[in-house]
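Okay, so here's the structure we're looking at.
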Amino acid sequence: MAPDKTRFVRALRPFSLVVAIATCGLGVILALRDGAGNPGLAVLVIIAGVLLQAGVNLVNDHADRHSPQFDAGQRAAIRRNTRLGALAFVLAGIVGVYLVWLRGWPMLLLGLVGMAGALGYTGHPVNYKERGLGVSLVFLFMGVLLVGGAYFAVSGGYHAGVFWLSIPFSLFASLLLLSNELRDYEADLEQGLRTLTVRLGYARARRLFQGLIVLLALVTLGLGAMGLLAHAAIPLASLLLLRRPLRLLDKAPTERSRLPPATGQGFFAYGLCLLLTVWWGL
């Protein structure tokens, strides 16, 4: 029997929280390395990012709560998760109000765009997940926007180096979402959910997953060549951990349930290596 995805821990998707920690962490580390901001503000920004990611995860099933795949108990669990997700959004919003007071209208604009992206993932009438746009838009919302927003929140500024260094985490965020879609391919196909993987078909989506890993490796090498990432070979070597999710792509649907956590572990290892390399300039 497949795990009940309405259970709190499964709905929270702890493995995916590494996205917010890594992306916000990169932004604040770059800001601190550049001599801007303070550690207290940096921690606050990371907390807000994690709360936003947790909120997105917990409200993910709200739009599908009336689906026949859920029984009465599971629908009650979805309502509970949605309330907790809303609470996470409120807490992130409180932090956001302080950051707007600190940084002004650009921070407000970033916050509104980020919130719209979070609510539009599965929320109607937008629901860009079902429009096949999730993998591409998460690149922007959970990568470029979070890194740049975190840097701006802590430093009050921005520069091109922040953008270029956000690309690997943006690619990994897309890779992690794609791993979710590949795991759920058969179920989404049966329920008529038009995710990118359903639209492409499993074989093409599988090749996209492999292609994103190759692109991630090339971008890492490129950042090293540009002088933006000292000793790029260190995060590059951590990509060897992605051999496990690559092997899982060829497994039966029941075994493929381990694909997102395995991809998340790869993200954690790569993110840790990149953050340490950026911080210490190894």
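For R103, there are no side chain to side chain donor-acceptor pair (under 3.5 Å) partners at least two apart in sequence or on another chain. Every residue two or more places apart in sequence or in another chain was checked for a ring-ring contact (aromatic ring centres under 6.0 Å, His included) with F163, and none qualifies. In this structure, the ring-ring contact (aromatic ring centres under 6.0 Å, His included) partners of F172, at least two apart in sequence or on a different chain, are F267, Y270. Applying the side chain to side chain donor-acceptor pair (under 3.5 Å) criterion to Y158, with sequence neighbours excluded, gives no partner residue. T197 pairs by the side chain to side chain donor-acceptor pair (under 3.5 Å) definition with E181, not counting sequence neighbours.
Other residues, nucleotides and ligands contribute at most 12 non-hydrogen atoms within 6.0 Å of the CZ atom of R204. More than 12 non-hydrogen atoms from other residues, nucleotides or ligands lie less than 6.0 angstrom from CD of Q210.
With a 4.5 Å cut-off on side-chain heavy atoms, L17 and N57 count as touching. Using a 4.5 Å cut-off on side-chain heavy atoms (C-beta onward), F139 and I167 make contact. L110 places a side-chain heavy atom less than 4.5 Å from the side chain of M107. Taking the side chain as every heavy atom from C-beta outward, L41 and L99 approach each other to under 4.5 Å. In this structure, S166 and Y151 have side chains that are not in contact, with every pair of non-hydrogen atoms separated by 4.5 Å or more. For the pair L208/L196, a side-chain contact is recorded, criterion being any heavy-atom separation below 4.5 Å from C-beta on. Residues L26 and I29 have side chains not in contact (no heavy-atom distance under 4.5 Å, counting atoms from C-beta outward). Residues F89 and L51 are not in side-chain contact: their nearest non-hydrogen atoms beyond the backbone lie 4.5 Å or more apart.
A donor-acceptor contact shorter than 3.5 Å links the side chain of R256 to the backbone of L182. Between the side chain of S170 and the main chain of V144, a donor-acceptor pair closer than 3.5 Å is present. Checking side-chain atoms of S174 against main-chain N and O of S136 turns up no donor-acceptor pair under 3.5 Å.
For the side-chain contact (heavy atoms from CB on, under 4.5 Å) criterion with V219, the lone passing option out of L229, L165, L171 is L171.
The side-chain hydrogen bond (donor to acceptor under 3.5 Å, both in side chains) analysis of residues 91-101, with sequence neighbours excluded, yields no pairs.
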